[in-house]
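Inspection log for the structure reproduced underneath, given as structure tokens.
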Amino acid sequence: MTVSPKTTDTPGSFDPAREESGLAMFVTVFMALVLGMVSAVTVTTTLTRNKDSRFQLDRLQARALAEAILDAAQKQILQRTANFDDPFADSLTASGTVTIGGENYTWNGEDLTPSVYPGEINENGWRPIEVNYDSTAGSSSGKQELYTRVVQIYPGTNSDSGVLIGEAASRLRRTIEVQRNPLFDFAIFFDDDLELLPGPSMTFSGKVHANGDIYVGVGGNKTLSIDSDYFRCTGEMFRERKNNGNTTSGTVRIRNSNGDYKSLRNDRDYEYWNDPEAWANYATNRWGGTVQTGSHGVLTQNAPDIGSIANNGHYRNTADLLFHNDRVYHVQNGVEVDITAQVSTAISESSTDMYDAREETYVPLTEIDLSDSLLTNYIESANQDSDPSNDINQIYAYRSPTPEPANWDPGSASNWFEGIRLVNGHTIPADMLFVSENPIYVQGDFNTTDFGTSNQKTVAVISDAVNLLSNTWDDDKDPGDSASDIDNATETTFNMAMITGNVPTPDGGGNYSGGLENLPRFHERWSGVDCNINGAFINLFQSRQATERWGKSGVYNPPVRAWGYDQGLLDASVLRDLFPQAVSIDRLVWEEGQPILPGT
């Protein structure tokens, strides 16, 4: 038997197995520590990244909300200014509330115009700027006065409030320039689609704007000429009819920036290019800026809504002279003083004299005789006395049942159609704005006596529908009259601007509105007879009372339309602030304050 020798441990002796075991344990512990540290760093990094990600998301959301609030505030300023509620009229600061996503948010603003343009501000707080009306006309161009205001707006109660979401805030501020000018600076202005489709040849001068599309054309072998440096719309431009998509074979030509006419062909409108950039490049190269559409970035020109002509609206509340049924009132220091006895022969009523074939009804009327000596002497005396608050430059007329119901609204009343008729208006005693919520019928030569002289009067008519009757109109029209029974018109001249409603062509086609060429409504046989109009043609709303469609037989035959823009409207200093305003906004500067950082 063999016996192995006994092994005895001694200090300092070497045991390989035991050393390997200790090393393994050390490595294990070390790796655990390393992994723990890595895990701790990873967790810390992940938490930091998550926190930073949340902050970045909060920051983006705060910025987006701030932009939305300022966009809504900007729109509110624009609409309020257009509707005679200038938020900065009485103070250099203004505020408002807007709704975003069902939540209400406050905005505030400051008028910077006095500090940006010291010494250049008028009595109403606006900075006037004089420019050439038509850049293609050179030195012969009239002058147009625009009004601007520089405003800084911000969300919250002050410029440092910002919008707070989570741990981030946006202190966004926007500086904008508000620009306004009387609507009658435009020869043609439609607050929707404009259809300009005359049958015979026609030349039109002056600026043309539509807050929608423009459909343009002219009858076969005829020419429509746009003599202007401004033919623009916020939509697009089409060489076809809106009501049925048909094209017209006549020539449409528009002046370019050099003053030369260039045609708009049937096969080169927006529909042909069907691409905003391609169309914009083509139009810019061809007309040099005269023709612009939404593809060029044309902005909406905001204008008053129809409520401004209601019997409880702006023009009733600011009238100088008020005609109501058979009564006349002079508004003096806010009080309606009955002056009917003093001008008794100037006003009359009729119930069955006039038949409107388009509306298919007799029209009860208040008739105002503008040549009546009692009325003209009264107006002249009021305008010449020492108290400017007595001046008469704005007349409001309307009809209602007697007694007048509370909150009377003829647009929603059943079986109600009544109107105002202006007669013998060849001489107007002063610059005058006539306004009514009812249809207005203008009979005979209007504002012709001093027109074209140094004593020329500026006149405008604003109503639900503007109807033009010739010098020979005689109230003989009756229900059931055939086309052959229509009375013959004689040449008549109307020197006036107009704002009126229409019955629009439905989107997608349908009954034609009548277009610009029938914006003023006719009731006689005008065939081959001139209807002369010097003024402006503005459509802001759909008619609420005169709502029958255009195009019925037995109503009228069209006139020879000798129409043009009256540049005297640019010099109408008395009326320019009374006229409805077109208001637009240019964004000038975005400014973002330092965002709140995480943990601060």
Side-chain angles (χ1 to χ4, degrees), residues 69-100 104-114 121-128 145-155 157 174-186 189 191 211 299-320 322 331 333-334 389 393-394 396 398 407 409 411 433 435-437 460 462-463 499 501 538 540-541 544 574-587:
I69 293 170
L70 294 183
D71 282 341
Q74 178 173 297
K75 184 177 181 180
Q76 192 175 93
I77 291 171
L78 188 148
Q79 291 176 335
R80 286 179 59 183
T81 304
N83 283 285
F84 312 101
D85 182 25
D86 180 358
F88 295 95
D90 301 315
S91 173
L92 292 179
T93 60
S95 62
T97 301
V98 297
T99 302
I100 308 293
N104 291 333
Y105 297 93
T106 299
W107 64 267
N108 273 263
E110 181 181 359
D111 182 1
L112 304 179
T113 319
I121 313 304
N122 66 15
E123 65 276 9
N124 296 317
W126 292 82
R127 178 191 179 223
E145 191 169 64
L146 310 176
Y147 308 92
T148 67
R149 171 179 285 153
V150 178
V151 172
Q152 185 176 85
I153 53 177
Y154 38 84
T157 56
R174 181 185 295 180
T175 303
I176 58 177
E177 181 181 43
V178 184
Q179 178 176 297
R180 68 172 178 87
N181 58 278
L183 275 172
F184 293 134
D185 288 359
F186 294 95
F189 184 101
D191 200 23
N211 286 333
L299 299 175
T300 296
Q301 299 274 342
N302 270 51
D305 59 35
I306 192 172
S308 64
I309 69 169
N311 65 71
N312 61 352
H314 170 79
Y315 282 107
R316 160 68 192 272
N317 295 332
T318 58
D320 302 319
L322 173 65
V331 183
N333 296 314
S389 67
N393 295 106
Q394 184 174 315
Y396 187 87
Y398 78 108
N407 302 315
D409 179 8
L433 185 61
V435 185
S436 179
E437 66 179 352
I462 306 176
S463 74
I499 293 180
I538 314 295
L540 296 186
F541 40 77
R544 298 185 69 239
V574 174
L575 296 184
R576 283 186 73 80
D577 284 332
L578 300 180
F579 287 159
Q581 305 288 305
V583 184
S584 61
I585 288 180
D586 288 330
R587 183 183 303 164

Review point. Are the side chain of Y154 and the backbone N or O of L70 linked by a donor-acceptor pair below 3.5 Å?
Key: no
So CD of Q394 and CG of L575: to nearest 0.5 Å the spacing works out to 8.5 Å
Between L540 and A303, the two heavy atoms sitting closest are CD2-CB, 3.7 Å
Between T106 and I69, the two heavy atoms sitting closest are O-CG2, 4.3 Å
CD1 (I77) and CG (N302) are apart, to the nearest 0.5 Å, by 12.0 Å
Tell me, with the steps shown, if Y396 and N311 meet side chain to side chain contact (heavy atoms under 4.5 Å, CB included). CA-CA 9 Å; Y396 187 87; N311 65 71; 3.9 Å; yes
Looking at T113, is its backbone amide N or carbonyl O close enough to the side chain of D111 to form a donor-acceptor pair, meaning the two atoms are under 3.5 Å apart? yes
- Task: Would you please test F541 and I499 for side chain to side chain contact (heavy atoms under 4.5 Å, CB included) and show each step?
- Result: CA-CA 9 Å; F541 40 77; I499 293 180; 4.2 Å; yes
* Asked: Strictly by modelled atom types, are Q581 and T81 linked by a side-chain donor-acceptor pair under 3.5 Å?
  -> no
Fill in: N317 side chain vs N312 backbone, donor-acceptor pair below 3.5 Å
yes
Check step by step if side chain to side chain contact (heavy atoms under 4.5 Å, CB included) holds for F88 and V178. CA-CA 11 Å; F88 295 95; V178 184; over 6 Å; no
* Please report the C-alpha distance between R576 and D185 in whole Å, then the side-chain angles of each, then the deciding distance to 0.1 Å, and finally whether the side chain to side chain contact (heavy atoms under 4.5 Å, CB included) criterion is met. => CA-CA 10 Å; R576 283 186 73 80; D185 288 359; 3.0 Å; yes
Checklist entry - Can you tell me if Y147 uses its side chain to pair, donor with acceptor, with the backbone of P182 under 3.5 Å? => result no
Would you find a donor on one side and an acceptor on the other, under 3.5 Å apart, between the side chain of N181 and the backbone of L146? no
Tightest non-hydrogen contact, residues I100 and A72, listed as CD1-CB, 4.1 Å
### Message
Looking at Q76 and T97, would you say the former's side chain and the latter's main chain have a donor-acceptor pair under 3.5 Å?
### Response
yes
Heavy-atom side-chain contact between R174 and D71 under 4.5 Å:
yes
Value for CD1 (I176) from OG1 (T148), rounded to nearest 0.5 Å, stands at 12.0 Å
Smallest heavy-atom separation, E145 atom then P128 atom, equals OE2-CB, 3.7 Å
### Query
Hey, does the side chain of N108 reach the backbone of S95 with a donor-acceptor pair shorter than 3.5 angstrom?
no
query = Is there a donor-acceptor pair closer than 3.5 Å between any side-chain N or O of N211 and the backbone N or O of Q301?
reply = yes
message = If we ignore hydrogens and angles and just use 3.5 Å, is the side chain of R180 paired with the main-chain N or O of W126 as donor and acceptor?
response = no
Taken in chain and number order and not counting sequence neighbours, the residues that satisfy side chain to side chain contact (heavy atoms under 4.5 Å, CB included) with N333 are S389
Between the side chain of N122 and the main-chain N/O of N124, is any donor-acceptor distance below 3.5 Å? yes
Whether over 12 other heavy atoms sit under 6.0 Å from D90 CG: no
One should read off an interatomic distance between F579 CZ and L183 CG, to the nearest 0.5 angstrom, of 10.0 Å
P304 and P580 have their tightest heavy-atom pair at CG-CB, 3.7 Å
Distance col, row I462:CD1 vs L578:CG, nearest 0.5 angstrom, shows 9.5 Å
Should L322 and R316 count as side-chain neighbours, where that means a heavy-atom distance under 4.5 Å? yes
* Is the ring centre of F84 less than 6.0 Å from the ring centre of Y315? -> yes
Between I153 and Q74, the two heavy atoms sitting closest are CD1-N, 4.2 Å
